[in-house]
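For reference, the structure is listed below as structure tokens.
When reading the values below, keep in mind they use all heavy atoms of this one structure, side chains included, and skip hydrogens, waters and symmetry mates. Chain naming here is simple, since letters A, B, ... match the order of the sequence lines and numbering starts at 1 in each.
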Amino acid sequence: MEQVDQAQQQAGQAVSAARGRIAEVFAQARAEGRAALIGYLPAGFPTVPTGIEAMRTMVAAGVDIVEVGLPYSDPTMDGPVIQDAADAALRGGVTTADVLRTVEAVAETGAPALVMTYWNPVERYGVERFAADLAAAGGAGTITPDLPPEEAAPWLAAADKHGLDSVFLVAPSSTDARIRLVTSIASGFVYAASLMGVTGARESVGAAAAGLVRRVRQATDLPVAVGLGVRDGEQAATVAGFADGVIVGSALVARLLAAVRSGAGDEAALAGLRELAADLAAGVRRPVRASA
Amino acid sequence: MSPRSAGSAGIAAPPPSTDISDAGAWASVPDALGHFGPFGGRFVPEALVAALDELTAAYDEARRDPAFIAELDGLLSSYAGRPTPLTDASRLTEEIGGARLLLKREDLAHTGSHKINNVLGQCLLTRRMGKTRVIAETGAGQHGVATATACALLGLECVVYMGEEDTRRQALNVARMRLLGAEVVPVRSGSRTLKDAINEALRDWVATVERTHYCIGSVMGPHPFPMLVRDFQRVIGVEARQQVQELTGRLPDAVVACVGGGSNAMGIFHPFIPDTSVALIGCEAGGDGLATGRHAAAVAGGSSGVLHGMRSYFLQDADGQTLTSHSISAGLDYPGVGPEHAWLHETGRATYRVVDDRAAMAALSLVARAEGILVAIESAHAFAGAFEVARELGPDATVVVNCSGRGDKDVDTAARWFGLLDEGGDA
């Protein structure tokens, strides 16, 4: 058996403290009879400081958990809106260190911050080093859309050591066996992609979403949050009717992008963001339950 | 029963690697998860896993099905023109003054390069899976043209993603694909070249996977693609190995091929892997020179990472952001390399050299004048590397060069390089 020394004990306490934060948010939302709202923005867009301000604005407007996007040169899972914002952030020189700085600033608000990242930047930074620095920045964990369970062991070990949650995705095409595999290693919550496709606001949330959430619930007690395609409070209310969490990315990014492109200035950009975040926060508070 | 057919050439069948009795340790790759040692794998969003599983199963079944193998063999011989010849390049050999140079003539295959071998296999698989739409990425346009060709032949809908930058550089191939009935989509994201065309094809695929097959053009991407494309390209090496022995009575001393993603190289290398006396040499694109940082040499100048669904060597910065590659050859202008090449490099079974733009263009000119063969700029990299190897090995040795494609598409680039459009300037 491993010897448990004092340092490990302390680390263990830190672990349970960090590990519990996402779970607490979902428990709190459930107690309030609503879904949790998870908002995504890429770090460094339009600049690192304004990006931080934007995330704080979302939290103030009612976003429960912030997904801090790590801008990447090859975002194959993202549609044009997030691609454009990530490109702009990279042209602005955003680095992995800036992303961690952003996490730290968001964590100070009290809302859990998860880093949403493609796998290569983590591996390049160093798996253990990334986990340590993310935990030190007060981050709650990661969402890694292109890290399959078969390749996740090194990350899971590092995340475990540093008390980070590891969120993984399931899709409408996932078999029940895949769902069991993914949920067996996931922590925090399960990210259910509402449709087969890349990120981007859509007219309606995929019809497959409710069925997928049901299938995930058969495999796990973890909260299930639905993302891809949610664009407004009305859709958020619909998703809140069958899921524990509602994830919104492109619609929020689009508000910032539009303001930046029109040269409206930071204040106007943040006002637009605040308005949408508040609309979404109201949406998750009036879940539309499907009639039996 | 062997799954191998007695069709035309009788050598086109892609046998499961475990069926190759003398393949030794190399027969064990990839493993069930697509690993070549530490490389390969399947780094994709969960939404694509079902499609990759379906493809893996369909391919596994197809390659054991004599009817599938016979149909592929038939197309390779009656449509694609296989087997391609092995040309004894005696004037070139004399010019270089080293080893005897033998050329595997993939430039004579239908559509002008080895790309047809892979797309015929994948498009037959597409039909077998009951899918009706094929998407592909293309850089120089060779894989796009080959895919458009196979889709026309088999009655499949075809959409080709091509970086906007490349659609300008390779306008004739865009027209060729459209003549063949394909839709060509210029990609305006990122660096607007091959890597971004792959990103866009992946985005299309995740949304349309139920009826669409993504026909990847090289030995890259998530498992099973590196294995599958290798197996469909393996026919190059199977033929070459037999032809060189018929001609010289023994195995060659070296086999040389250019490497972008690395499909022509993997195809000609693979049957020689168990023949440890045969040196396998890949030639990466050195662009302006390795030292300038403006190159496409992922093995020599890159580092281990994950992109486009696979772990391999890539050009990347300190934060893991992909760097832009540079090469005069659009077909080699990719910041990564297939995972099996990364593994062959790591195990030492193959070695990789860097050939810069200047050396490649000089080789292109020399081959044209000495042998009357205008090779693709991609293939010219293999020739430049082979000349070095031939001089190192000396006149008693034999070197097989994979002449992976013809150079018609590159006349414009070559004419500019050599100044042929002005005063008839000389090379």
Based on non-hydrogen pairs under 4.5 Å, which of [options] is most in contact with chain A?
options: Leu323(B), Asp53(B), Val49(B); value: Val49(B)
options: Ala51(B), Ala318(B), Gly41(B); value: Ala318(B)
options: Asp317(B), Leu48(B), Val209(B), Asn199(B); value: Asn199(B)

| said: Can you classify the ring geometry of His341(B) versus Tyr352(B) as parallel (below 30°), tilted (30 to 60°) or perpendicular (above 60°)? | reply: perpendicular
| request: If the plane angle is over 60° it's perpendicular, under 30° parallel, otherwise tilted; pick one for Tyr334(B) and His308(B). | output: parallel
Less than 3.5 Å apart, which donor and acceptor atoms pair up between the side chains of residues 215-227 of chain B and the rest of the protein, not counting sequence neighbours?
from	atom 1	to	atom 2	distance (Å)
Ser218(B)	OG	Gly262(B)	N	3.2
Ser218(B)	OG	Ser263(B)	N	3.3

Is [X] in contact with chain A via its backbone, its side chain, both, or neither, using a 4.5 Å heavy-atom distance?
X: Asp204(B); value: neither
X: Val44(B); value: backbone
X: Glu210(B); value: neither
X: Ala201(B); value: neither

| field | Residue among Leu164(A), Ile38(A), Val66(A), Ile22(A) satisfying side-chain contact (heavy atoms from CB on, under 4.5 Å) with Leu114(A) | value |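 Result for side-chain contact (heavy atoms from CB on, under 4.5 Å) with Leu114(A): Ile22(A).
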For [X], is it the side chain, the backbone, both or neither that has a heavy atom under 4.5 Å from a heavy atom of chain B?
X: Thr175(A); answer: neither
X: Pro145(A); answer: backbone
X: Leu70(A); answer: side chain

At what distance, to the nearest 0.5 angstrom, does [atom1] of [X] lie from [atom2] of [Y]?
X: Thr117(A); Y: Glu123(A); atom1: OG1; atom2: CD; answer: 11.0 Å
X: Trp205(B); Y: Leu52(B); atom1: CH2; atom2: CG; answer: 4.5 Å
X: Tyr72(A); Y: Asn120(A); atom1: OH; atom2: CG; answer: 4.5 Å
X: Met196(A); Y: Thr208(B); atom1: CE; atom2: OG1; answer: 9.0 Å
X: Leu41(A); Y: Ile52(A); atom1: CG; atom2: CD1; answer: 12.0 Å
X: Glu150(A); Y: Phe43(B); atom1: CD; atom2: CZ; answer: 9.5 Å

| said: Looking at Arg214(A), I want to see if its CZ is surrounded by more than 12 non-hydrogen atoms of other residues, nucleotides or ligands under 6.0 Å. | reply: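 Counting neighbours around CZ of Arg214(A), 12 or fewer heavy atoms of other residues, nucleotides or ligands fall under 6.0 Å, so no.
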| request: Answer yes or no: are there more than 12 heavy-atom neighbours, outside Glu128(A) itself, under 6.0 Å from its atom CD? | output: yes
| task | Please list, in residue-number order, every residue in residues 176-194 of chain A that has a heavy atom less than 4.5 Å from any heavy atom of chain B; write 'none' if there are none. | result | Arg178(A), Val182(A)
| query | What residues of residues 78-91 of chain A sit under 4.5 Å from chain B when only non-hydrogen atoms are counted? | reply |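 Contacts with chain B: Asp78(A), Gln83(A), Asp87(A), Leu90(A).
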| Working for side-chain hydrogen bond (donor to acceptor under 3.5 Å, both in side chains), residues His35(B) and Glu151(A) | CA-CA 11 Å; His35(B) 295 121; Glu151(A) 309 282 353; 2.6 Å; yes
| Taking it one step at a time, do Trp155(A) and Thr144(A) satisfy side-chain hydrogen bond (donor to acceptor under 3.5 Å, both in side chains)? | CA-CA 10 Å; Trp155(A) 170 253; Thr144(A) 45; 5.4 Å; no
| remark: residues 128-144 of chain B vs chain A, non-hydrogen distance cutoff under 4.5 Å, contacting residues -> none
| Checking Thr347(B) side chain against Leu344(B) main chain: does a donor-acceptor pair fall under 3.5 Å? |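 At least one qualifying donor-acceptor pair exists.
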| said: Main chain of Gln321(B), side chain of Asp319(B): is a donor-acceptor contact present, judged purely on distance under 3.5 Å? | reply: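 No, because the side chain of Asp319(B) does not come within donor-acceptor range (under 3.5 Å) of the backbone of Gln321(B).
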| request: For chain B, find which of Ser174(A), Pro172(A), Pro75(A) contributes the most heavy-atom pairs closer than 4.5 angstrom. | output: Pro75(A)
| query | Would Asp196(B) and Ser189(B) satisfy side-chain hydrogen bond (donor to acceptor under 3.5 Å, both in side chains), going step by step from the backbone distance to the final call? | reply | CA-CA 6 Å; Asp196(B) 307 283; Ser189(B) 60; 4.7 Å; no
| said: One pair to check against side-chain hydrogen bond (donor to acceptor under 3.5 Å, both in side chains): Ser325(B) and Asp333(B). What are the steps and the verdict? | reply: CA-CA 6 Å; Ser325(B) 54; Asp333(B) 201 354; 2.7 Å; yes
